Amino acid sequence: MTTHDLVILGSGPAGMAAAATAVTHGIKPVVVDEQPAPGGQIYRSIESTPVKERRILGEDYWQGKALIDGLGDPRIDYRPGTTLWQLTRRLEVGLLRGEQASMIRARHVILAHGAMERPFPIPGWTLPGVMTAGSGQILLKSAGLAPSAPVVLAGCGPLLLLLAVQYLRAGIPIAALLDTTSTGHYRDALRLLPGALRSAGTLFKGVGLLAELRRAGVRHVRHVTALEAQGDERLERIRWQCGDGAEWHYLSTPLLLLHQGVVPNTQVTRALDCTHDWDERQLAWHPRTDPWLATDVEGVAVAGDAGGIVGAKASAIQGRLAGLGAAMALGRAGEEQTRKEVKRLRRDLARETAIRPFLDVLYRPAAHWRLPEDDTLVCRCEEVTAGELRRMADQGCRGPNQTKSFTRCGMGPCQGRMCGLTVSELLADANGQSVAETGYYRLRPPFKPITLGQLATAAEDASR
Amino acid sequence: MFKRLPLPDTSAQKSVMVYFDGQQVTARDGDTIAAALLAAGVEACRTTPVSGAPRGPYCMMGVCFECLVEVDGVPNVQGCQILVKDGMQIRSQHGARRLG
Ligand code: FES
């Protein structure tokens, strides 16, 4: 098994910045990413996107070019299309590329595998034709694909607005933007505005997006309180309720794109058994980290959205900090030498993240968007409903690992990625206990399906 | 539900021929399997083991596993993570196939 000083998981802003920093300290990092090209989701396909007209995807997207160019440094061993299927506490890293599995050992690991969209369990969310706003954006960036009929976007959060604007600029009609932002949250968020003004640039961009939508005359339905996707075998129509009204509004559409924010993807940090804390403001689990972004597993740090949502720019700053942390842990840099840079990075990070409390409060999904009604599927893979989980709670199930063994909830191919947050919150609610007490799934590798044949190639590789 | 944007670059791109359940599908070089199928009007690529309900790609970023297909005889391939290759035989997955 070959040993590498530093293995970085993910080539989004955090991973790319960590690699670039490590290189300046004489480290030759291995950067592993599942995607075929660098950039993470935010800067996805910059080098190959067919959408070349810069104003469509916007300047924030094209800014990722500099980081991606940095990844071309010959001292960085960048491995695209490579899946992490195992990571042990002794820093043995199992990789899979095509049919070839391998094991390498790391002295230090930076997890920068980013975020995923928060589950949005509404009736009918499993119908073909219901997807996420993130998926719509990925299709646009990577393949130049856009909705072929007027599309409905629903939910809340910056990504939803950005996608709407990108579609508009590309000439794609929007049937409706159904906004689930809670009325009271505008008021609550307003109190945090002074702090948010420290990252005024981000704030004004958000306001600009809203203005662009308004000017284009997009049907923007506010205060949506209930939403259902309907159809036989595929999405045919949606219906929704607004404000306090009990009246249902209907719209036929072949495509509904949902979004209610992003949350850290904790699959790997969970499997490593890092300590996680429940963040009530972001309504998500965060691996616990120190000021160097190190977790409580020796030699493992987390940078970027994987450790708590901070956004692309702050993710890159965290990547640099984690890269410096790695250099120090590996004895390639001293505290004296890095002090100035660290001070500057921490100041930049504080400025970039100043807007987070404002965004977290404004776009916090209301309880009924996170705790669905009894008939709604929570676990997409094993088709377990909220009602079944509540019944399990009545029968004494306190946590997700118990409901898992009774219902298979969380045992399907996605290994709980799509239901985990909902299950923890739902059981907490049903049992009258905190989410922290309720806990999360215990996870084990492989993180991704791997066949026996592929495993055999890893065993061969390891014994060499 | 998706179409190619009429961009100057899209038409210039090399096309790739794949098969979905035996039917020929023209894809763009650089497409993931899931993107190519969506562009070709395929909405569902599998049915669930529990109820047999049809499913199609949901997240496009490797977390939901709704895009599972069989590729050249290998089952449970995440269509949104793998790029199309000329001549690829893609099959929809049906019924009681569980992982692990
Ligand atoms: S579409 Fe979600 S994993 Fe492929």
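Just so we're clear, the structure is a prediction, and the values are computed from it rather than from any experiment.
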Chain A interface, residue from B:Ser51, B:Gly56, B:Gly30 that has the most non-hydrogen pairs under 4.5 Å: B:Ser51
A:Leu256 CG to B:Met1 CE distance, which is reported to the nearest 0.5 Å: 11.0 Å
Distance, nearest 0.5 Å, that separates CE of B:Met61 from CD of A:Glu117: 7.5 Å
Test ring-ring contact (aromatic ring centres under 6.0 Å, His included) applied to A:Tyr441 - qualifying residues, sequence neighbours left out: none
For A:Phe120, all residues meeting ring-ring contact (aromatic ring centres under 6.0 Å, His included), sequence neighbours excluded: A:Trp369
From CA spacing to verdict: side chain to side chain contact (heavy atoms under 4.5 Å, CB included), B:Phe65, A:Arg380: CA-CA 10 Å; B:Phe65 289 70; A:Arg380 299 172 61 104; over 6 Å; no
Contacts of type salt bridge (charged side-chain N to carboxylate O under 4.0 Å, His left out), residue A:Arg237, not counting sequence neighbours: none
Proximity breakdown for [X] and chain B, heavy-atom pairs closer than 4.5 Å:
X	result
A:Ser142	backbone
A:Leu235	neither
A:Arg234	side chain
A:Leu452	neither
A:Gln41	side chain
A:Pro147	both

Taking all atoms of both residues into account, what is the closest heavy-atom pair of [X] and [Y], and its distance?
X	Y	result
B:Val63	A:Cys414	O-CB, 3.4 Å
B:Met60	A:Leu139	CE-CD2, 3.5 Å
A:Ile138	B:Cys59	CD1-O, 3.9 Å
A:Leu258	B:Tyr58	CD1-OH, 4.2 Å
B:Asp31	A:Ala143	OD1-CB, 3.5 Å

B:Arg28 side-chain N/O to A:Gly144 backbone N/O, donor-acceptor pair under 3.5 Å: no
Check: B:Gly62 main-chain N/O paired with A:Glu34 side-chain donor or acceptor under 3.5 Å: no
Pair B:Lys3-A:Leu145, side chain to side chain contact (heavy atoms under 4.5 Å, CB included): steps then yes or no: CA-CA 5 Å; B:Lys3 64 168 188 205; A:Leu145 283 175; 5.8 Å; no
Report the option among [options] that has the most heavy-atom pairs separated by less than 4.5 Å from atoms of chain B.
options	value
A:Gly453, A:Pro446, A:Pro36	A:Pro36
A:Ser148, A:Ala170, A:Gly81, A:Gly171	A:Ser148
A:Ala149, A:Pro254, A:Ala146	A:Ala146

Any side-chain donor near an acceptor of the partner, B:Gln78 and A:Lys448, under 3.5 Å: yes
Minimum side-chain heavy-atom gap A:Pro413-B:Leu68 below 4.5 Å: yes
Note, A:Leu140 side chain near B:Leu5 side chain (heavy atom, < 4.5 Å): yes
Part of residues 33-41 of chain B lying next to chain A, heavy-atom separation under 4.5 Å: B:Ala35, B:Leu38, B:Ala39
